[in-house]
K.L.:
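First the structure, which I've put down as structure tokens, then a few questions once you've had a look.
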Amino acid sequence: MILNIKVKILSRKEVGPNIYLIRLKAPEIAQDALPGQFIHIKCSKDNYPLLRRPLSIHRIDKEKGEIFILFQAVGDGTKLLAQREIGDDLDIMGPIGNGFNIYPKSRKIMIVGGGIGVAPLLALCEESIRQGKEVRVLIGALKKELIIGEESYKILGAKVDVATDDGSYKHKGLVTDLLEGSIREGWLADQIFACGPKSMLKKIVEISLDAHIDCQVSLEERMACGIGACLGCVCKIKTKDKKEDKVKYEYKRVCVDGPVFGGSEVVWDD
Amino acid sequence: MILNIKVKILSRKEVGPNIYLIRLKAPEIAQDALPGQFIHIKCSKDNYPLLRRPLSIHRIDKEKGEIFILFQAVGDGTKLLAQREIGDDLDIMGPIGNGFNIYPKSRKIMIVGGGIGVAPLLALCEESIRQGKEVRVLIGALKKELIIGEESYKILGAKVDVATDDGSYKHKGLVTDLLEGSIREGWLADQIFACGPKSMLKKIVEISLDAHIDCQVSLEERMACGIGACLGCVCKIKTKDKKEDKVKYEYKRVCVDGPVFGGSEVVWDD
Amino acid sequence: MIDKPCLKVEIAGIKLKNPVMTASGTFGYGQEYAPFVDLNRLGAMILKGITLKPKMGNPPPRVIETPSGMLNAISLQNVGVEILIKEKLPYLKKFNTPVVINISGDTLEEYVELARRLGEVSKEMGVTGLEVNISCPNVKKGRMVWGTDAKATYKIVSSIRKATTLPLIAKLTPNVTDIKTIAQAAEEAGADALSLINTLVGMAVDVNSRRPKLANVSGGLSGPAIKPVALWMVWQVFQTVNIPVIGIGGIIKVEDALEFIIAGARAIEIGTANFVNPRVTIEIIEEIEKYLIENNIKDINELVGSIKI
Amino acid sequence: MIDKPCLKVEIAGIKLKNPVMTASGTFGYGQEYAPFVDLNRLGAMILKGITLKPKMGNPPPRVIETPSGMLNAISLQNVGVEILIKEKLPYLKKFNTPVVINISGDTLEEYVELARRLGEVSKEMGVTGLEVNISCPNVKKGRMVWGTDAKATYKIVSSIRKATTLPLIAKLTPNVTDIKTIAQAAEEAGADALSLINTLVGMAVDVNSRRPKLANVSGGLSGPAIKPVALWMVWQVFQTVNIPVIGIGGIIKVEDALEFIIAGARAIEIGTANFVNPRVTIEIIEEIEKYLIENNIKDINELVGSIKI
Ligand SMILES: Cc1cc2nc3c(=O)[nH]c(=O)nc-3n(C[C@H](O)[C@H](O)[C@H](O)COP(=O)(O)OP(=O)(O)OC[C@H]3O[C@@H](n4cnc5c(N)ncnc54)[C@H](O)[C@@H]3O)c2cc1C
Ligand SMILES: Cc1cc2nc3c(=O)[nH]c(=O)nc-3n(C[C@H](O)[C@H](O)[C@H](O)COP(=O)(O)OP(=O)(O)OC[C@H]3O[C@@H](n4cnc5c(N)ncnc54)[C@H](O)[C@@H]3O)c2cc1C
Ligand SMILES: Cc1cc2nc3c(=O)[nH]c(=O)nc-3n(C[C@H](O)[C@H](O)[C@H](O)COP(=O)(O)O)c2cc1C
Ligand SMILES: Cc1cc2nc3c(=O)[nH]c(=O)nc-3n(C[C@H](O)[C@H](O)[C@H](O)COP(=O)(O)O)c2cc1C
Ligand code: FES
Ligand code: FES
């Protein structure tokens, strides 16, 4: 069930240029949360900005009853959030969404994150490793300073590779190059999970279709309610009609029908 | 000239229930400011609330280049202002308005403040004493805890009397009772200066007219621009036409034509 | 001092426990808010606008924040009336809160058929009333919006009136020169109550891509930004008609709701604020009660239209 | 990369250094803002609305803040045209910035006489153009607002057109069902440019006293809250007329100004934002220039109406 609660800000750290990691005391949410879910946050204490902002749950610490968010301060909402003080009560709703679906029979997991898209993937990595999967992580960023979480993934026991657009660190190029490379080398995952810019996701879906690997992507869309009521946050999804003989299109809600969708269901071109 | 500058918050103190005293480093303004003038303040760092809020200059320290504001946190604007941190830059415009006019030949000065209306009167008291006047101060408040500045006036060398509506401190009743009392006792000021709720000001003007004492009152009205451009902040003022044979009424701007008006000019009844 | 003021109001013959309703399109089909709100405590629930057939709606982006408001261009994505009846209404039957269905259509015939169909199942499925969204364009008449013309308003409301005995609320659009003549037309056509305002038409542009921020170019502006406009229109209409008026537009705190009630609204609908604070409806109900106690008002109906000019 | 993009635009034959003008009623008679703004740097100055005779205006309270906006009910308090000419215009003559006079009246005759009088002194006193505020009620026609009716708009604009050869900007009110027909009427009547929007009608209630917060009951809503509505109307009008459009409504930062320009405004007016930040006009001029450089746009005129739909 989605809760609307006030939770304490336990710590806040600028982990990269304009990128913040905030730890929240939220036992009720930590208890239920799945990797890939998000929380819907009232960034300020008054009604300006008006709407909440969705941020993925970055890490889930069920034992301590804590959750983490990792975000980039891009506009009014996230900038105000980055200024909230330790000890403040934060008004959040969550956990929201379907989360990633790790199949029990999968043995090898490939996780691909672009930019701030890495945010929801740490919890996924942790859970995958907890379930005994072999996990590889590919991280893409514009440049060296914007790479987030490389160490955190390594500590969990995942093999991590990095690509930067400008070549300022490790592979120069796109993170999708790394994905193609690993497939070429013969490391075939049972599932690919990805989060990041649309162009990256689209390419990853193409690669996964070619390689016949099951792929799940986490989408973003502008949200109002965050709980499925306003139909503001839709994306176009291919569905089959009842007789399964005709492809249909439907606008599904990113907030509660997603944010994770099967890569092949997503219609990218409008 | 009215300046628009950013000034440092040097200190902030809650001096009464929801009443704050803030000290600002503002040499350019301290240099020019007159008792009775105000500054127009952007209370928050963003545009919410949208408009500035006018607050009187409570004390002027020309030597240190500091000014003080004393205010009650009543709504969104003043509440946000009360939360601004020491060291913050505050965006202000000022000094604005005509200020009180102390006549050189006046020897005895009566100052009357009701509630937060005492705010602009400390600077006036200080200046009057500096000019060698004999100053009496009457303070009115709802109850004991809401009396502000009694000591500050005494330190300056003024004789201070207090009235509380509920009798929780000194005279039980209205501050206007004290004024009538002092006149009855024969302490006739050359000028009366007053600031406070409209009903109080109206009564003081009546008393002063009866006693033939020159009286100046500081008015409040909701403001937008604060510099005479929008005509939002008007009050009705009696004026004489050129031939001085007919009374006319005019809406004058509290911000730049006031906030101090001759008591007998003000039209109270609409 | 009174300790339990009366919050009950009657709108279009519908008895409400209190004047707080949910605005169409902002409360889903009710169930979405059940984790946050005891649906039994609401005055009434108005569901997402329904059409005869399911509708796909506009492509994204569909929502965008604006200063103290938001633009939406959902364009009536909905499951269609039959799925509403089969899958959404059964859940709501377990609450003793009136359910009002907001109806929309591309043609007069669609509105009429919808009203007839919902009338047919009203007893069984717990449909207490209809709110007619006349802010939709009339596709037959070159997409002129029904509610922007008094004659068209009269025509559509009277046609629906003939098709159903259900309490009928006409929901007015604010994008008009004179809301009073539209209100009068709706009253004459047989509306039992009027609700206003729907959203103002607005737009936003992304200065980097130089494209509209909404895929649909324009959208409906809602939220606190529009409250002053809504309040003015409610007061205008309150002075013009003899049927109850429901105030909508930017209500996010108790003072907002009270402003509408004092200006003449017998009930109010809360829209965008649900997105900000999912418990806002309940909080406002509680605070209206507090206000009545503090101001020693025994019955909320005394407050309706009590504005002193 | 260009280092000095061209910011010059021409409106109604008036040559502006840049597209940033001040909105009537929010910049006084210019002089009030001289401590904060180098008046020489503005695109144009539009002064507080003037009438034939001095006007006392409404009783206070006249202004009230609303979410991201404000309501005002100044009601045209002004010194009258003769004092304007004698006491206000001389000061402005020393600046080389076009001065546009916003004119208002209770009757058609007043508008016409005002236009004639200002035309008469225009050379001598530096009056570069007129902006006709047609949001005033026509007292002869039962207080119907001129600008809410296409015929009335045509009548008043064409009458003024005959009375003066000064560049004529018709300022439209947004409180209408179809801004396009009003815009067309103004164009046909001979307006050289259109400016929009004036304020939306709104109201606020004090829930403690149960009185309107404005002594005048209703007021005009301005500020960021109305920007989406203004932008939509500007874009609608831009597509409809062949004369330049000036965008007004809620502009407080450079993006707002750019949104209007991209949607079709050849110039913009800044109103309420002057109260928030007295230097806002200059800051926006500087930032428009920066945007043009960053986006490699040589001439601001390329940006006008460049929205991609
Ligand atoms: C399910 C979900 C999970 C997300 N998780 C994260 C996360 O873990 N970390 C993180 O940094 N960001 C995340 N985002 C994106 C984040 O919500 C936006 O960056 C944020 O809402 C921007 O708000 P703002 O007020 O700072 O910016 P605004 O001023 O609103 O906009 C600034 C920029 O952010 C973009 N933006 C605004 N709202 C959204 C939105 N709802 N979705 C996508 N882009 C938006 C705009 O296009 C604009 O360019 C997530 C988005 C979704 C939908
Ligand atoms: C020239 C001048 C000098 C002032 N000096 C002081 C001072 O030294 N100390 C002090 O505490 N207050 C002073 N005030 C009043 C102060 O400006 C208001 O209390 C403040 O603007 C309220 O803002 P807010 O956002 O907190 O409240 P809002 O939410 O705007 O309103 C809360 C309450 O404050 C009242 N209010 C709001 N704006 C004004 C206004 N412009 N004038 C009068 N009342 C208003 C409203 O009626 C309302 O009841 C002065 C006002 C003026 C005009
Ligand atoms: C996302 C969204 C969807 C809406 N959908 C509908 C609808 O289907 N039918 C309708 O009559 N009004 C619809 N509205 C309008 C609201 O019911 C309401 O009239 C308007 O939002 C103003 O109220 P508010 O400011 O409280 O949101 C919608 C509003 C929003 C924000
Ligand atoms: C205090 C005030 C006074 C105004 N006076 C006039 C006026 O005299 N004539 C006029 O045409 N518009 C007047 N307006 C409207 C503005 O010029 C402008 O059209 C409107 O405020 C919208 O722009 P904004 O949101 O930038 O303020 C006034 C607006 C305000 C806020
Ligand atoms: S944000 Fe409202 S349905 Fe997803
Ligand atoms: S506040 Fe604008 S004229 Fe005084």
Side-chain angles (χ1 to χ4, degrees), chain A residues 1-6 28 32 40-54 75-77 91-96 198 219-237 239 241 248-258 266-270, chain C residues 22-37 47-49 54-79 204 213-215 219-220 222-225 250 252-253 256 271-280 282:
Chain A
M1 199 172 82
I2 305 172
L3 303 175
N4 175 25
I5 50 176
K6 294 211 163 121
E28 309 91 323
D32 279 5
H40 207 33
I41 306 177
K42 203 155 175 335
C43 295
S44 71
K45 290 179 193 169
D46 51 37
N47 291 327
Y48 190 85
L50 187 64
L51 298 176
R52 291 169 181 264
R53 298 291 189 261
D76 284 355
D91 179 342
I92 66 172
M93 298 168 73
I96 310 179
K198 252 190 182 170
L219 299 185
E220 289 190 5
E221 193 43 73
R222 290 188 166 269
M223 292 186 179
C225 73
I227 57 164
C230 74
L231 307 177
C233 64
V234 298
C235 62
K236 202 170 190 177
I237 294 292
T239 52
D241 69 359
K248 285 202 314 177
Y249 298 97
E250 212 180 313
Y251 284 123
K252 290 213 169 179
R253 299 163 298 184
V254 170
C255 62
V256 293
D257 300 324
V266 180
V267 182
W268 300 100
D269 289 324
D270 39 349
Chain C
T22 59
S24 177
T26 66
F27 208 70
Y29 297 105
Q31 187 161 11
E32 291 87 343
Y33 277 90
F36 314 105
V37 170
L47 309 188
K48 171 68 192 164
K55 262 191 183 294
M56 193 163 170
N58 283 327
R62 288 181 172 184
V63 291
I64 189 86
E65 186 164 333
T66 68
S68 296
M70 63 177 278
L71 287 166
N72 89 78
I74 313 295
S75 186
L76 290 170
Q77 173 172 354
N78 79 92
V79 296
K213 285 189 178 172
L214 294 172
S222 64
I252 199 165
K253 52 186 181 0
D256 303 327
T272 303
N274 290 301
F275 307 154
V276 181
N277 171 10
R279 277 183 46 80
V280 67
I282 302 300

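Worth saying up front: this structure is predicted, and the values here are computed from it rather than measured. Below, chain A is the first sequence line, B the second, and so on; all start at residue 1.
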K.L.:
Taking C:Arg62 for the side chain and A:Leu231 for the main chain, is one N or O donor matched with an acceptor at less than 3.5 Å?
P.N.:
yes

K.L.:
Relative to chain C, which of A:Gly228, A:Gly77, A:Cys225 shows the most heavy atom pairs under 4.5 Å?
P.N.:
A:Cys225

K.L.:
With the side chain counted from C-beta on, respond yes when C:Met56 and A:Tyr251 share a heavy-atom pair under 4.5 Å apart, and no when they do not.
P.N.:
yes

K.L.:
Looking only at heavy atoms, what is the nearest atom pair of A:Cys235 and C:Pro60, with distance?
P.N.:
CA-CG, 4.5 Å

K.L.:
Find the one option among C:Pro278, C:Pro61, C:Pro67 whose heavy-atom pairs under 4.5 Å with chain A are most numerous.
P.N.:
C:Pro278

K.L.:
Using heavy-atom distances under 4.5 Å, tell me whether C:Asn58 contacts chain A through its side chain, its backbone, both, or neither.
P.N.:
backbone

K.L.:
Give, for atom CE of C:Met70 and atom CZ of A:Arg222, the distance between the pair rounded to the nearest 0.5 Å.
P.N.:
11.0 Å

K.L.:
Check each atom of C:Phe36 against the heavy atoms of chain A and say whether the ones under 4.5 Å are side chain, backbone, both or neither.
P.N.:
side chain

K.L.:
Considering only heavy atoms and a distance below 4.5 Å, find which of C:Val63, C:Ile64, C:Thr272, C:Thr26 pairs most often with chain A.
P.N.:
C:Val63

K.L.:
How long is the span from the CG atom in C:Asn277 to the CG atom in A:Asn47, to the nearest 0.5 Å?
P.N.:
8.5 Å

K.L.:
Does any backbone or side-chain atom of A:Met93 lie under 4.5 Å from a heavy atom of chain C? Answer side chain, backbone, both or neither.
P.N.:
side chain

K.L.:
Check whether A:Asn4 gets within reach of chain C through its side chain, its backbone, both or neither, counting any heavy atom under 4.5 Å.
P.N.:
both

K.L.:
When you compare the side chain of C:Ile252 with that of A:Leu50, does any pair of heavy atoms fall below 4.5 Å?
P.N.:
yes

K.L.:
What part of A:Glu250 gets closer than 4.5 Å to chain C, counting heavy atoms only: side chain, backbone, both or neither?
P.N.:
backbone

K.L.:
Going by the rule side chain to side chain contact (heavy atoms under 4.5 Å, CB included), which residues pair with A:Pro49 if we only count those two or more places apart in sequence or in a different chain?
P.N.:
A:Ser44, A:Arg53, A:Leu80, C:Glu65

K.L.:
Let me know if C:Thr66 has heavy atoms under 4.5 Å from chain A in its side chain, its backbone, both or neither.
P.N.:
neither

